[in-house]
Asker: 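Got a structure for you, questions after.
Every heavy atom of this structure was used, including side-chain atoms; hydrogens, water molecules and symmetry mates were not. Since the structure is predicted, the reported quantities are computational estimates derived from the model, not experimental observations. Letters A, B, ... mirror the listed sequences (proteins, then strands); counts begin at 1.
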Amino acid sequence: MPELPEVETVANGVHARICGERIEAVWLGGKPEPFKTEPAAMAAALTGARIAGVRRVGKHIVFDLERELAAGAETSLVPQWIVHLGMTGRLLVVDPEIPRPKHTHAALSLSSGRELRFVDARRFGRLALYPAGAPSRSANHTGLNQERSPGGSAAEGFRGPGREPLTISADDFAALFRGRKLAIKAALLNQSLLHGVGNIYADESLFRAGIRPATPAGRLSRTRLARLHAALQAVLRAAIELGGSSISDYVDAAGVRGFFQLEHKVYGKEGEPCAVCGTPVRRTILGGRSTHFCPRCQR
DNA sequence: ATACCGACCTGTCAGC
DNA sequence: TGCTGACAGGTCGGTA
């Protein structure tokens, strides 16, 4: 479901609502739930912690936590709580009186009396702890992908599997694709290269850059990659501005739908005339994913 | 190492 | 109305 702009919208919304609150109690659903971390360990780490901040890293939502200590004690290291929404995951901040909807997998009771819920029908979402002060090596332990950070084992916390599309330079962006034979669209979707880009924004940025999705990534000229870099950042920023794309049931932490779907040029537009040249938008399958492009504008 | 493909789940919607 | 099959914004593990 959610890609970078939607995850950013959710993270910002949750941050604004619950930053500074203490987690009083933790409920985790039974059965085969989407926990990468053992539920008992996760509940123990969360209970009593204070939420210092909520932010997006790639498509992951990172909860920075703090723990109050007895006077004089040294600052303890606290793990981070990592939430991945998968396709249908939602994070909601609600009154606990409201009945928990079907497919609720976690509920955190907060000091304000409200409840933070993780609801995910399709169960592609994931909840995990990222150990405090963990260098990049601990990825296997948590089951979370993690970019290898060269050298320094500084406790920067979770950094995600790949590079951040909004801040990567055009040169570094181009370097990601050097020598690669896979389709540029598949490369954009590869989270260990660039994290946060999903099917919608891959299609939309390739359209705006005038690049055919099936083009081998390593064959694109410097100039065209520069155009793609600019298009991708522009599309992501515009989408964040509009609160993301609501295709079916995506809503932010307050239940508000995004509006970027109104700006889609090719995604979900099969057969409709291209907004630029009028040629019908074509849909194919690439890397197992539905792919949309204008056969005239994208070469 | 790189690239491809099916599997994982449930819900929804089009078509019969 | 009800059934069936295709499809959905994401990742992961196995295979070539």
Asker: Please list, pair by pair, any protein nitrogen or oxygen found under 3.5 Å from a nitrogen or oxygen in nucleotides 3-6 of chain B.
Answerer:
unit_1 : atom_1 : unit_2   : atom_2 : d
B:dA3  : OP1    : A:Lys181 : N      : 2.9
B:dA3  : OP1    : A:Leu182 : N      : 3.3
B:dA3  : OP2    : A:Arg180 : NH1    : 3.2

Asker: Within this structure, what is the OH-to-C1' distance between A:Tyr267 and C:dG10, rounded to whole angstrom?
Answerer: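 A:Tyr267 atom OH is separated from C:dG10 atom C1' by 12 Å.
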
Asker: Separation of A:Leu189 atom CG from C:dT11 atom C1', in whole Å?
Answerer: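 The answer, rounded to whole Å, is 11 Å.
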
Asker: May I ask you to decide whether A:Glu241 forms a salt bridge with A:Arg237, counting only side-chain N to carboxylate O separations under 4.0 Å?
Answerer: no

Asker: Provide, to the nearest angstrom, the distance between the CZ atom belonging to A:Arg178 and the C1' atom belonging to B:dA1.
Answerer: 18 Å

Asker: So is the aromatic ring of A:Phe124 stacked onto the base of C:dT11, judging by whether the centres are under 5.5 Å apart and the planes are under 30° apart?
Answerer: no

Asker: I'd like to know if the side chain of A:Arg212 reaches the main chain of A:Pro295, judged simply by a donor and an acceptor atom lying under 3.5 Å from each other, with no hydrogens or angles considered.
Answerer: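 Yes, because the side chain of A:Arg212 sits within donor-acceptor range (under 3.5 Å) of the backbone of A:Pro295.
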
Asker: Taking only residues two or more places apart in sequence or in another chain, which ones pass ring-ring contact (aromatic ring centres under 6.0 Å, His included) with A:Tyr201?
Answerer: A:Phe260

Asker: Whole-Å distance between C:dC7 P and A:His292 NE2?
Answerer: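 After rounding, the reported distance stands at 11 Å.
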
Asker: Quick check on side chain to side chain contact (heavy atoms under 4.5 Å, CB included): which of A:Val93, A:Leu92, A:Asn12, A:Leu91 does A:Arg17 satisfy it with?
Answerer: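 It is A:Val93, the one option of A:Val93, A:Leu92, A:Asn12, A:Leu91 that forms the side chain to side chain contact (heavy atoms under 4.5 Å, CB included) with A:Arg17.
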
Asker: Got a salt bridge between A:Glu68 and A:Arg22, using NZ or NE/NH1/NH2 to carboxylate O under 4.0 Å?
Answerer: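 Salt bridge flag = no for A:Arg22 with A:Glu68.
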
Asker: Does any N or O donor sit under 3.5 Å from an N or O acceptor when you compare the side chain of A:Arg122 with the base of B:dC9?
Answerer: yes

Asker: Who else is in the cluster with A:Val281 when I, L, V, M, F, W and Y are joined by side-chain contacts under 4.5 Å?
Answerer: A:Phe207, A:Val266, A:Val276

Asker: Do A:Leu236 and A:Leu225 share a hydrophobic cluster (ILVMFWY, side-chain heavy atoms under 4.5 Å, transitive)?
Answerer: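 Yes.
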
Asker: Taking the six-membered ring for Trp, are A:Phe173 and A:Phe177 parallel (under 30°), tilted (30 to 60°) or perpendicular (over 60°)?
Answerer: perpendicular

Asker: In whole Å, what is the span from the CZ atom of A:Arg126 to the C1' atom of C:dG13?
Answerer: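 Going from A:Arg126 (CZ) to C:dG13 (C1'), I get 13 Å.
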
Asker: Considering only C:dG10, C:dA8, B:dC9, which nucleotide approaches the side chain of A:His84 most closely?
Answerer: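 My answer, after comparing the listed nucleotides, is C:dG10.
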
Asker: Given atom NZ of A:Lys59 and atom C1' of C:dC12, what is their separation to the nearest angstrom?
Answerer: 13 Å

Asker: Which value, in whole Å, describes the distance between the C1' atoms of nucleotides B:dG11 and C:dC12?
Answerer: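 So the two C1' atoms sit 22 Å from each other.
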
Asker: Could you write out DNA chain B as dot-bracket? Rules: Watson-Crick or G-U wobble, both distances under 3.5 Å, brackets [ ] for crossings, | for pairs with another strand, dot for unpaired.
Answerer: .|||||||.|||||||

Asker: Starting from P on C:dC7, measure out to CG on A:Asn199 and report it in whole angstrom.
Answerer: 14 Å

Asker: Report yes if at least one side-chain N or O of A:Arg283 is closer than 4.0 Å to OP1 or OP2 of C:dA8; otherwise report no.
Answerer: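 So the side chain of A:Arg283 is within the cut-off, an N or O lying under 4.0 Å from OP1 or OP2 of C:dA8.
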
Asker: Provide a list of protein-nucleic acid N or O atom pairs under 3.5 angstrom, restricted to nucleotides 11-14 of chain B.
Answerer:
unit_1 : atom_1 : unit_2   : atom_2 : d
B:dG11 : OP1    : A:Lys102 : NZ     : 3.3
B:dG11 : OP1    : A:His103 : NE2    : 2.6

Asker: Has A:Gln191 got a side-chain N or O lying under 4.0 Å from the OP1 or OP2 atom of C:dG10?
Answerer: no

Asker: I'd like to know if A:Glu272 and A:Arg283 make a salt bridge, using a cut-off of under 4.0 Å between side-chain N and carboxylate O.
Answerer: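 Salt bridge: no.
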
Asker: So A:His60 and A:His84, would you call those rings parallel, tilted or perpendicular, with 30° and 60° as cut-offs?
Answerer: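 Perpendicular.
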
Asker: Whole angstroms only, please: what is the CZ-C1' distance between A:Arg289 and C:dC12?
Answerer: 13 Å

Asker: What do you reckon, is CD of A:Glu263 surrounded by more than 12 foreign heavy atoms closer than 6.0 Å?
Answerer: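 Yes, the 6.0 Å shell around CD holds more than 12 heavy atoms from other groups.
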
Asker: Quick one: side-chain contact (heavy atoms from CB on, under 4.5 Å) partners of A:Val26, sequence neighbours excluded?
Answerer: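 Per chain and number, A:Val26 pairs via side-chain contact (heavy atoms from CB on, under 4.5 Å) with A:Ile23, A:Leu28, A:Ala43, A:Leu46, A:Thr47, A:Leu108.
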
